[in-house]
Amino acid sequence: MGEDTDTRKINHSFLRDHSYVTEADIISTVEFNHTGELLATGDKGGRVVIFQREPESKNAPHIQGEYDVYSTFQSHEPEFDYLKSLEIEEKINKIKWLPQQNAAHSLLSTNDKTIKLWKITERDKRPEGYNLKDEEGKLKDLSTVTSLQVPVLKPMDLMVEVSPRRIFANGHTYHINSISVNSDCETYMSADDLRINLWHLAITDRSFNIVDIKPANMEDLTEVITASEFHPHHCNLFVYSSSKGSLRLCDMRAAALCDKHSKLFEEPEDPSNRSFFSEIISSVSDVKFSHSGRYMLTRDYLTVKVWDLNMEARPIETYQVHDYLRSKLCSLYESDCIFDKFECSWNGSDSVIMTGAYNNFFRMFDRNTKRDVTLEASRESSKPRAVLKPRRVCVGGKRRRDDISVDSLDFTKKILHTAWHPAENIIAIAATNNLYIFQDKVNSDMH
Amino acid sequence: MMFARGLKRKCDQEEGGEVFGSVPSYSLQRQSLLDMSLVKLQLCHMLVEPNLCRSVLIANTVRQIQEEMSRDGVWNGMVPQNAEPAPLDRLVSTEILCRTVRGPDGEHPAPELEEGPLQGPASELPTVNSTHGPRNPQSSLWEMDSPQENRGSFQKSLDQIFETLENKNPSSVEELFSDVDNSYYDLDTVLTGMMSGTKPGICNGLEGFAAAAPPPSSTCKSDLADLDHVVEILVET
């Protein structure tokens with residue numbers, strides 16, 4: 001590999017499979033299902049593409065299962081709200097898989113206004129030998145039927161069928177930013193800028209409003225909901241984040257309307273770093289519970305933070321994603337980049353966290369070793385099966401050969417959406433309209 | 001001073017008495033940031049509902065700046081009757097604020113974005129026409145007067161705002177909003193892009209083309225439709 005001593009344990013054996021080019025459409029969400037066998041992506045055109053991991057071949061065990069396209073369907077279409085004379089985008093904001101309960105897979109997909117439940121089934125057999133119909137389905141001439149037969153199931157080419165089973169519409173006045181399936185597998189919540197609703201998966205004509213932060217007078221509006229998620233184990237607990245950088249943990253047993261939080265997680269502002277942009281960069285763009293349920297991970301513009309559910313006063317860990325942007329906040333405000341919403345992810349064992357950045361870079365932080373690495377998702381810099389090379393952004397001072405200077409970063413190439421396989425070291429990175437899947441070849445066991 | 005960080009400045013030749021080689025004063029930078037923020041708020045009106053989070057964050061920034069200006073005692077004193085730089089220059093100074101120095105080109109017609117890593121959507125910034133004067137984002141945001149008022153200059157609208165302020169206590173953005181007749185204008189409308197009656201915003205600039213100021217129409221698109229209609233009529237005659 002030719003890596004020097006800087007090689008981080010996390011990345012040195014990552015291989016890249018291939019890049020899946022979904023032409024023209026920008027990927028807007030990426031989500032593994034609970035086993036990691038399936039990977040769903042949503043795009044700006046309202047389509048969902050599901051990838052399936054091929055089972056590992058016994059003949060070639062060194063070729064770990066790769067992901068191939070399993071199904072593609074149009075989830076949402078553009079709509080027009082005639083009352084407001086505004087378009088409703090078909091862009092898929094979030095996809096969440098339901099835990100698998102039978103042979104079928106189910107997922108929820110949502111755009112700004114409407115959530116849909118999709119059922120994905122496989123058909124690999126079909127009945128043959130009907131008495132009344134011939135092979136093409138035409139009715140037989142009854143006079144030719146002289147004996148009865150029992151139709152038998154014969155194998156056929158695998159067909160993946162996707163059908164919309166529920167449409168949860170008209171629940172939101174504002175734009176939906178998150179959905180989260182409850183651990184009870186019966187309910188889920190959807191959050192928009194000002195409200196959070198609780199739905200039953202089987203009931204589409206009503207939902208319960210569990211959080212409402214809309215002020216009586218909209219002129220008093222100073223804070224919005226930015227993300228929310230159910231606790232992975234406690235079906236009564238959920239968290240939501242705000243544009244002011246706070247997290248509120250709520251208990252649905254306490255009251256029907258969870259406007260009063262059980263816990264408020266907020267870090268006091270650092271007075272030495274105060275500027276007019278302080279609030280904007282503190283806005284939380286994503287919140288994720290750890291798999292263990294003990295921690296929460298948040299992403300704001302410049303950092304990722306790990307919070308312990310038992311400590312509200314401050315995060316237990318803070319990692320700088322791209323602190324070199326702190327002196328460029330005004331330009332980033334002007335270009336609107338400061339409003340970019342980056343997501344964050346835990347690995348299966350909650351020991352490594354990952355988030356995207358600009359220039360098609362993404363960052364990983366090992367919580368145990370405190371080491372971090374910057375990697376790039378681009379076709380130019382990596383070929384299939386090649387090992388990813390760590391990247392560095394230089395901020396003046398000594399510059400190494402392959403360093404990128406802050407001023408040459410491409411801010412149009414942003415990695416907002418990333419996902420980590422629930423158990424293995426496989427990550428999915430959405431770089432605009434390209435999907436990259438990286439696998440850790442050597443270190444397949446958890447840290 | 002938060003803006004000075006990271007700013008590279010070259011010393012260029014002086015022009016018209018202004019020395020662009022020096023770092024702009026904090027109050028100038030702050031004013032530029034305020035102007036930029038107001039422009040951003042105004043440009044939220046698009047075909048798709050604007051991002052509420054973004055609007056709220058920008059509005060909060062405006063509030064912060066304006067609170068600080070009040071504390072500094074400059075909010076009242078902002079009435080531009082003296083030799084303050086023209087609004088055009090102020091938009092230019094926004095550019096200076098955010099980039100390395102471009103040079104003392106005060107006549108730059110529009111704060112065009114450079115090609116480069118931080119290029120933003122150039123269409124977001126209003127085209128500043130040196131003859132027409134820039135569109136006046138704040139006035140349409142805060143004023144309830146007839147559209148004709150909006151045709152005035154940036155400067156004039158600021159006057160009107162500050163007149164309003166002088167009559168009452170200079171105060172927060174909320175009070176500015178509360179001054180407005182809610183039946184005509186609704187902050188909810190602005191923040192969420194929903195329309196109820198007049199749609200303030202970039203479409204008002206189109207009135208300059210119409211033979212008569214069109215009545216407040218409900219959507220940007222119908223403004224454009226009106227424009228098409230007007231153009232058709234002109235062509236036929």
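Keep in mind the model is a prediction, meaning the values are calculated, not measured. Reminder, nothing fancy here: chain letters follow the sequence lines and each chain counts from 1.
Considering OH of A:Tyr174 and SG of B:Cys53, their distance stands at 14.0 Å, rounded to 0.5 Å. Considering CG of B:Asn51 and CG of A:Asp193, their distance stands at 7.0 Å, rounded to 0.5 Å. Summarising the geometry, atom CD belonging to A:Glu334 is positioned 10.0 Å from atom CG belonging to B:Leu33; distances are rounded to the nearest 0.5 Å. Summarising the geometry, atom CZ belonging to A:Phe276 is positioned 3.5 Å from atom CD belonging to B:Glu68; distances are rounded to the nearest 0.5 Å. Atom CG of B:Asn60 and atom CG of A:Leu221 lie 8.0 Å apart (nearest 0.5 Å).
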If you apply the rule side chain to side chain contact (heavy atoms under 4.5 Å, CB included), what do you find for B:Gln29 with A:Cys330, and how did you get there? CA-CA 10 Å; B:Gln29 290 181 342; A:Cys330 190; over 6 Å; no

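No more than 12 heavy-atom neighbours from other residues, nucleotides or ligands sit within 6.0 angstrom of CG on A:Asn170.
Of the atoms belonging to A:Lys244, it is side-chain heavy atoms, and not backbone ones, that fall under 4.5 Å from chain B. With a 4.5 angstrom heavy-atom cutoff, A:Ile338 does not touch chain B via any of its atoms. Using a 4.5 Å cut-off between heavy atoms, A:Thr226 touches chain B through its side chain atoms alone. For a residue to count as touching a neighbouring chain, one of its non-hydrogen atoms must lie under 4.5 Å from one of that chain's; by this rule A:Tyr358 does not touch chain B.
By the side-chain hydrogen bond (donor to acceptor under 3.5 Å, both in side chains) test, A:Arg363 is found to be paired with A:Asp372, A:Thr374, residues two or more places apart in sequence or in another chain being considered. Checked against ring pair (Phe, Tyr, Trp, His ring centres under 6.0 Å), A:Tyr301 has the following partners two or more places apart in sequence or in another chain: A:His322.
Here the side chains of A:Ser278 and B:Gln64 are not in contact, with every heavy-atom distance at 4.5 Å or above. B:Thr61 is not listed as a side-chain neighbour of A:Glu279, based on a closest heavy-atom distance of 4.5 Å or more.
When all heavy atoms of A:Asp336 and B:Arg54 are compared, the closest pair comes out as OD2-NE, 2.8 Å.
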